[in-house]
Amino acid sequence: MSSLSQKRIILGITGGIAAYKSAEIARRLQDEGAEVRVIMTDSAQEFIRPLTLQALTGKPVHTDLLDPKAEAAMGHIELARWADIVLIAPATANFIAVLSQGVANDLLTTVCLASSGSIVVAPAMNQAMWSQPVSLDNIERLKQRNITIFEPDDGIQACGDTGPGRLQQPEAIVDQLCGIFDSGILSGKRVVITAGPTREAIDPVRYISNHSSGKMGFALASGMIDAGAAVTLISGPVSLDSPDRCQLIPVVSASEMLEAATEAVKEADIFISSAAVADYQVTEASSQKIKKKSDKMSLNLSKTPDIVAILSENNPKMFVLGFAAETENIESHARDKLNRKNLDAIIANDVSRDDIGFNSDNNEALWIDANSCQSLSKKSKTQLAREIIVLIAEKIDN
Ligand code: PMT
């Protein structure tokens with residue numbers, strides 16, 4: 001399976017003759033399993049029609065910064081948050097100059113400025129323009145801002161010149177993009193992740209549960225796979241597709257999750273407990289549907305096993321990352337859980353907000369460990385997962 005599988009990519013097209021190659025790039029990205037949205041600048045539309053890209057991606061092409069229809073559906077900030085990566089291919093000399101100055105004067109430059117994900121620029125221009133010191137300075141400035149440059153090819157150009165400045169072939173661009181996701185920073189590590197809610201039965205038709213969608217845990221699983229880890233994902237009932245290249249173990253209740261996780265962590269180096277495990281279960285679930293006899297009823301509840309605390313105690317060498325779902329006093333409540341459950345670190349998120357936390361595509365959190373507390377700003381769960389994985393890799397290295 002490709003490392004672009006299930007990745008969200010914005011393909012930005014600017015106005016140069018090489019724009020015709022962007023159609024092939026869009027097709028190849030999708031062949032690799034990526035979800036592609038296209039942004040075209042005004043001058044790009046002189047070289048290739050948005051309709052071509054719309055037909056290839058099956059999605060409307062984004063062209064205007066201030067388009068009320070687009071803003072209502074997926075505005076520029078949502079687009080920036082949605083994307084795991086923004087690939088600009090081809091990127092003209094003018095676009096590179098504007099981007100290097102941090103100018104946001106159209107949809108594509110604005111999305112680049114608003115994006116906290118990776119940005120990749122594949123330049124295409126005449127060889128003399130490419131070799132100008134000012135162009136090379138602009139490229140250097142982009143590199144200093146951690147923007148990746150796919151250096152142009154050398155060869156015969158559309159204008160008849162020969163030299164550096166040709167857009168790389170679509171195949172080569174897509175290959176290099178795969179390499180960006182395969183960071184390999186946790187190569188060879190075995191990781192177990194819990195995700196989603198648990199359901200605690202009241203009777204055969206009713207249960208106690210919560211709003212977890214599994215998105216955070218599944219994003220961590222995908223990120224860990226890209227980081228080279230072997231991943232076991234133990235998930236409560238969710239409606240998400242399993243990430244490729246990962247072993248998915250579906251469970252329903254907290255006790256089933258404990259049983260699966262106890263077995264899975266035997267060989268693990270890292271355990272991440274992002275599941276929203278129900279804290280209480282019905283002491284004795286009814287084997288038959290409970291009849292509606294009186295106006296009131298009470299349930300006798302008992303605590304579920306604390307999975308992360310048990311596994312941390314029984315596996316002292318394993319790196320254990322917990323999550324804390326809080327609605328107030330976030331840092332102090334999370335730090336209390338870090339200590340009580342004997343964790344190496346905890347990710348605290350505010351589940352009282354509806355733009356992050358439960359079920360949202362985005363999240364914002366604190367990374368808390370024994371010595372530090374670090375803010376992780378609002379971004380897509382995919383991007384946040386990648387940031388968390390880098391922090392784990394640093395901790396393990398130390
Ligand atoms: O799934 P999403 O919709 O993407 O939402 C993500 C999320 C909000 C569920 C996630 O980011 C999150 O916060 N997960 C932890 C939810 C939770 O149960 O938090 P808690 O503060 O109640 O528990 C603290 C820690 O103990 C957690 O690591 C939890 O997995 C673990 N726990 C809790 C109870 C229990 N019986 N066993 C446990 O292992």
Side-chain angles (χ1 to χ4, degrees), residues 192-200 208-223 233-240 243 251-262 264-265 270-282 301-315 318-369 376 378-385 387-388 392:
V192 177
I193 300 170
T194 63
T198 65
R199 283 182 188 168
E200 312 303 327
I208 298 171
S209 192
N210 57 64
H211 299 296
S212 172
S213 63
K215 288 176 187 171
M216 191 67 242
F218 277 54
L220 283 159
S222 294
L233 176 60
I234 302 168
S235 176
V238 295
S239 50
L240 299 174
V251 295
V252 176
S253 64
S255 3
E256 280 176 34
M257 190 172 270
L258 174 65
E259 196 182 327
T262 305
V265 298
I270 299 166
F271 176 60
I272 302 181
S273 186
S274 64
V277 185
D279 290 315
Y280 289 91
Q281 61 200 353
V282 178
L301 302 178
S302 44
K303 268 193 175 168
T304 52
D306 194 325
I307 303 170
V308 74
I310 294 170
L311 297 188
S312 169
E313 187 175 342
N314 294 344
N315 302 272
M318 182 169 72
F319 183 92
V320 181
L321 175 72
F323 269 70
E326 306 297 346
T327 55
E328 56 175 354
N329 302 327
I330 296 179
E331 185 178 345
S332 61
H333 285 167
R335 197 167 277 289
D336 176 55
K337 285 176 186 165
L338 173 83
N339 296 328
R340 236 180 333 109
K341 298 180 188 235
N342 194 23
L343 310 173
D344 293 291
I346 194 160
I347 299 293
N349 48 191
D350 183 346
V351 291
S352 67
R353 286 168 57 178
D354 54 15
D355 62 326
I356 59 166
F358 283 130
N359 201 19
S360 166
D361 286 338
N362 302 314
N363 211 355
E364 176 184 315
L366 298 175
W367 163 284
I368 301 171
D369 59 32
L376 308 176
K378 181 173 168 181
K379 47 182 68 75
S380 74
K381 285 182 176 167
T382 309
Q383 289 163 5
L384 186 74
E387 218 172 311
I388 292 170
I392 295 175

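Everything numeric in this text was worked out from a predicted model, so none of it was measured. Hydrogens, waters and symmetry mates are skipped; everything else that's a heavy atom, side chains included, is used. Each ligand, and each atom within it, is numbered from 1 in the order the structure gives.
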Please round to the nearest 0.5 Å and tell me the distance separating atom CZ of Phe323 and atom OG1 of Thr194. 9.0 Å
Count the heavy atoms of every other residue, nucleotide or ligand shown that sit under 6.0 Å from CD of Glu364, and state whether that count exceeds 12. yes
Anything with a heavy atom under 4.0 Å from ligand 1 counts, so go ahead and list those protein residues by chain and number. Ser212, Ser213, Gly214, Lys215, Met216, Ser273, Ser274, Ala275, Ala276, Val277, Ala278, Asp279, Thr304, Pro305, Asp306, Ile307, Val308, Gly322, Phe323, Ala324, Ala325, Lys337, Lys341, Asn349, Val351, Gly357, Phe358, Asn359, Asn363, Lys381
I need the minimum non-hydrogen distance between Ala221 and Leu233, along with the two atoms involved. CB-CD2, 4.0 Å
Count the heavy atoms of every other residue, nucleotide or ligand shown that sit under 6.0 Å from CG of Asn329, and state whether that count exceeds 12. yes
Take Arg340 and Asp306 through the salt bridge (charged side-chain N to carboxylate O under 4.0 Å, His left out) test and state the conclusion after the steps. CA-CA 11 Å; Arg340 236 180 333 109; Asp306 194 325; 5.3 Å; no
Taken to the nearest 0.5 Å, the spacing of Lys341 NZ from Ile346 CD1 works out to 7.5 Å
